Structure formats: structure tokens, C-alpha cells
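By convention here, the first residue in the shown sequence is residue 1. Indexing begins at 1, ligand by ligand and atom by atom, following the structure's order. Note that the coordinates shown come from a computational prediction; the quantities given were computed from them, not determined experimentally. Values below: every heavy atom of this structure, side chains too, minus hydrogens, waters and symmetry copies.
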Amino acid sequence: MTMTEAPGILESGVLEKTALETYVPPTKPSLVGLSRAELSERLGSIGVPEKQRKMRAQQLWHWMYVRGAQTFADMTNVSKDMRAELEQHFTVDRPEVVTEQISNDGTRKWLLRLPGDGVGRAHEVECVYIPETDRGTLCVSSQVGCTLNCSFCHTGTQRLVRNLTAGEIVGQIMVARDRLNDWIDRETPNGNRLVTNIVMMGMGEPLYNFDAVRDALLIVSDNEGIGISRRRITLSTSGVVPNIARTGDEIGVMLAISLHAVRDELRNELVPLNRKYPIKELLDACRAYPGSSNSRRITFEYVMLKGVNDSLDDARLLVKLLKGIPAKINLIPFNPWPGSKYECSDWDQIEKFSEYVFNAGYSSPVRTPRGRDILAACGQLKSETEKLSARERQALRAMAMTD
Ligand code: SAH
Ligand code: SF4
């Protein structure tokens, strides 16, 4: 299906949103997000004989993750009876697309709806596609909201409602490929894919939903399926130290650290998780990150906040702290959101900071804000249904610090 043929979705702009009260959760489970072993097991549960299961699971895997089949009826080399049987018990559904917005710079943002807790209740997450000349990056969410309340982040003002399942994480990539018409039979002169890179930098803290994120990324990087290599997948964490080594060992993707400050006092304020895992512990975990090397550097993200963390003293200390770590530094101009209390550093200051870091031997690109007009830039993601009062926020912050 091409973009313009998709039902109910406009080529550009916001769709009319169906009222949440009318939300009907799916009645059958989706097979998206299951490992091969789990797929075989589900096939067993509907009576597929053991000796056929592996082959059937392989067929399904191919249809779902290489061809992007949206129904069992599409799976033409699976017998008719088998298709009917599958249809009766399962789906290959991804999260439901509520709105699609297209920025004037080509960035696309999808608001996705997921089952909530209780009749007629739904959750929402956002997923953003950022086209560049040499790649297309999809920014994927790992949780509905986030418990961590970083003071400059919009998502942090939203209540954590729940962790996403592996299927809901893989489902975001599938939605993007559906909407961009980016599956294997896409007709392009050279067959190039649009979605080439994944960043786990959407809503939520991926290392607080470790198992589902791991299971999803293993599916996404499987080369007999979606096939996005681990080198093209970056997981960003605000610093959940105990799960950093596991990320390298069990997932093997590229690591990004939301550092943002070089002194504990300031980082405690910007990234409150720092009170639990201070800078030294965090950097020790980075030094020990399995698989990092000069060709596989750890990215340190640093949001530029005017008069807060953007002095040349900060830059000096940053360089000192990162000594011995194969690192690159990503400076992110602060993206304001309604009610945010910071300002973005002046361009001049960002350049000075960047130059200092560059002269010290670090690549220090400044991340160009994308999709600001549709609130799709870093830290701007937040679904409308999840507003939170200051008091609730404080209670959640206290909870996050004690668990
Ligand atoms: N929870 C994870 C991943 C999601 S946030 C983490 O914090 O790393 C992705 C990146 O966007 C992080 O580096 C985050 O600090 C940054 N960010 C959050 N709010 C921002 C804002 N308003 N402007 C610019 N960057 C922001
Ligand atoms: Fe959560 Fe990351 Fe936002 Fe902090 S920056 S509140 S960890 S999503």
C-alpha cells in the first residue's frame, strides 16, 4: 500500500483523532515481538505438529519481518487451512496509528495507541522518523512516559503508565516501514531502505525496561528479518548503571549516555537518577562497556542549557572526565516545550563549546533539531492524555529514587 492509499490518513498534517472512549482493544494476541522459540510454542498451542513448528515459525518470521505482511491472508506460501487456523487465534497487528504528522523538514511523527488497563482505556506513545541524506533514523519509545523526571525533558513530566512489550517496541519499526512503504518489495531504483538506523531515544528509559528492549532489539537486528545491524542501533540511557554491562553483553548495540553535566551537584538537578548512580560510577561502567573501541565509540549526549552547563569550564571538565573512554560527544541544542524552565544556549556559545571539545580530540557534532514544528525533537515527546500535576511528579520522583 502506498502512503496516499492508506486508509484514513492524510498525506500531511494531523488526522482527526478518534475519542479514546471508543477505543476497542484487540481481542486476539499479535505474534509480533515473539522470539522464534516463542513462535513455535504458540504454533504448538494451536495443534501444529512438533516436527512442522520450526519450519512454520521460519515462514511466519519471513512474512512478518522481511515482507511486512499485515494479515495471514498475505502469506501465500502457507497452506490455506493453516492460514485460517492462525487467523482464528492470532493477528500480526502493530500498534494502532492515531495520528501522523509531517514536519516541514520531512520528519514524521506517529502517535500510536496501545491497550491500557481497564475497559476502553488506552495508552499512547510517539515514534519519530528523521530522514537524512545518508540514512533514515527512527527514534523509538521504550515506555509510556518515564519515571525519571529529568528537569529539561518533556517526557519526564508525564506519568509512567507502563513498560512497552517487546511486540510494541518492534511494532513501532513495523509501523514506520508500513507508513513509509519501506518493506523489501519497495520499488526504488537501488532498493535502498528508508529506515536504516534505530535510536532508543523516544519516550522512556530503555534500561528500566531491559528485558523487553533486549528481546525487541534482538528481533530488529536479526539478519533473516528486519535486519538492522547492531552497529546501526543506539540505546540511550540516563545512566542506569547496573544494566549498562548487560546492554553490551546481551544486546550488543551502540551505547549513548545522557550526561548533560560534569559535576554531581548540577547533574543531580538535571538528571535526578544521578543521586543514585553518580558520575564516577557511570563513567566507570562506560570504561568497562563490553565491545567499545575506537571504531565503536560511546556517545555522550550533552544538552546545551543557557547559563546552566554551557561554560568553557564545563567543556574543560568534560574532556578531563572522558579521558580514556572511546567517546564522541553529541551536543544537543535544548528544545523548549510548553512550560519548560530553561533556554537553549546561544549559538555562539554552542560553537565555542564544540570547538573546545573538538580541539581536545573529540568529534563533537551539534545535533540539528528536527521536527520542532510538530514537537518531534528530542525531549519534546509527550502524549496529551498523560498530563501530570506537580505534586504527582514529586511523588513519582521520590518513588523512582527508592526502587
Ligand atoms: N531516557 C533515555 C532516552 C530518551 S531521551 C535518556 O534519557 O537517555 C533522548 C535524549 O534526548 C536524551 O539525551 C535526553 O536527555 C535528551 N533530551 C530530553 N529532553 C530534551 C530537550 N528538551 N531538549 C533536548 N534534548 C532533550
Ligand atoms: Fe526519562 Fe530520558 Fe526524559 Fe530523563 S531524559 S525524563 S530519562 S526520557
Side-chain angles (χ1 to χ4, degrees), residues 125-128 130 137-161 163-164 169 172 198-210 213 217 233-241 243-244 247 253-261 266-277 282 286 298-306 308-310 328-345 350 365-372 375-383 386 388 393 396-397 399-401:
V125 287
E126 291 177 325
C127 174
V128 178
I130 307 142
T137 303
L138 192 69
C139 180
V140 170
S141 294
S142 56
Q143 296 181 308
V144 175
C146 185
T147 44
L148 292 176
N149 301 116
C150 299
S151 55
F152 53 88
C153 174
H154 204 193
T155 307
T157 64
Q158 177 178 327
R159 167 178 22 209
L160 166 81
V161 186
N163 283 334
L164 300 192
I169 297 168
Q172 293 173 60
I198 304 287
V199 292
M200 294 302 300
M201 295 187 186
M203 291 162 63
E205 169 47 59
L207 296 191
Y208 269 162
N209 184 14
F210 187 85
V213 167
L217 294 183
I233 302 177
T234 303
L235 182 149
S236 172
T237 178
S238 58
V240 184
V241 167
N243 284 341
I244 288 181
T247 303
V253 290
M254 307 297 284
L255 183 67
I257 301 286
S258 293
L259 191 62
H260 307 316
L266 177 60
R267 194 163 189 271
N268 286 344
E269 196 184 305
L270 299 179
V271 184
L273 185 67
N274 193 68
R275 291 186 213 137
K276 203 166 171 182
Y277 305 117
L282 177 58
C286 292
I298 298 174
T299 303
F300 288 86
E301 297 160 281
Y302 198 95
V303 63
M304 298 300 289
L305 304 170
K306 185 173 182 169
V308 175
N309 65 354
D310 63 351
K328 53 188 174 190
I329 295 161
N330 200 182
L331 301 179
I332 317 176
F334 171 65
N335 289 309
W337 36 273
S340 58
K341 60 179 178 186
Y342 300 104
E343 278 179 76
C344 181
S345 307
I350 298 182
V366 179
R367 194 182 290 175
T368 327
R370 300 290 302 266
R372 269 184 173 176
L375 282 185
C378 295
Q380 292 185 312
L381 304 185
K382 175 171 190 281
S383 45
E386 308 292 350
L388 192 64
R393 223 164 25 238
L396 275 165
R397 192 171 304 148
M399 248 167 58
M401 299 311 302

Close N or O approach (His260, ligand 1; < 3.5 Å): yes
Considering non-hydrogen atoms only, spot the tightest contact between Leu270 and Phe152 and give its length. O-CE2, 3.5 Å
Heavy atom under 4.0 Å from ligand 1: found in Asn335's side chain, backbone, both, or neither? both
Under 3.5 Å, side chain of Glu205 to main-chain N/O of Ser238, donor-acceptor pair present? yes
N/O separation below 3.5 Å, Gly204 to ligand 1: yes
Of the non-hydrogen atoms in Thr247 and Asn243, which two are nearest, and what is the gap between them? OG1-O, 2.7 Å
Ignoring hydrogens and geometry, is there a side-chain-to-backbone donor-acceptor pair from Asn209 to Leu164 under 3.5 Å? yes
Would the distance check show the side chain of Asn309 and the main-chain N or O of His260 forming a donor-acceptor pair, the cut-off being under 3.5 Å? yes
Side chain or backbone of Glu301 under 4.0 Å from ligand 1, or both, or neither, by non-hydrogen atoms? side chain
Could you tell me which atoms of ligand 1, counted from 1 in the order shown, lie closer than 4.0 angstrom to a heavy atom of Thr237? 6 (C), 8 (O)
Do Ile329 and Leu259 come within less than 4.5 Å of each other through their side chains, counting heavy atoms only? no
Identify, by atom number and element, the atoms of ligand 1 in contact range of Ile332, meaning under 4.0 Å from any of its heavy atoms. 24 (C), 25 (N)
Measuring from each atom of ligand 2, which residues have a heavy atom under 4.0 Å away? Cys146, Leu148, Asn149, Cys150, Cys153, Gly156, Gly204, Ser238
Is there a donor-acceptor pair under 3.5 Å between the side chain of Gln172 and the backbone N or O of Ser141? yes
Side chain of Asp310, backbone of Ser345: donor and acceptor closer than 3.5 Å? no
Can you tell which of Gly202, Gly239, Ser236 gets a heavy atom nearest to atom 4 (C) of ligand 1? Gly202
Could you walk me through whether Phe334 and Leu305 pass the side-chain contact (heavy atoms from CB on, under 4.5 Å) check? CA-CA 6 Å; Phe334 171 65; Leu305 304 170; 3.6 Å; yes
I need the atoms of ligand 1 closer than 4.0 Å to a non-hydrogen atom of Phe152, numbered in the order shown. 15 (O), 17 (N), 18 (C), 19 (N), 20 (C), 21 (C), 22 (N)
For Glu205, take its heavy atoms, then give the atoms of ligand 1 lying under 4.0 Å from any of them. 1 (N), 2 (C)
What atoms of ligand 1 come closer than 4.0 angstrom to any heavy atom of Trp337? 22 (N)
Under the side-chain hydrogen bond (donor to acceptor under 3.5 Å, both in side chains) rule, collect the residues that match up with Ser142, sequence neighbours excluded. none
Report yes or no: does Thr299 contribute a side-chain atom to a donor-acceptor pair with the main-chain N or O of Ala256 at less than 3.5 Å? no
Under 4.0 Å from a heavy atom of Cys153: which atoms of ligand 1 are those, numbered in the order shown and with their elements? 18 (C), 19 (N)
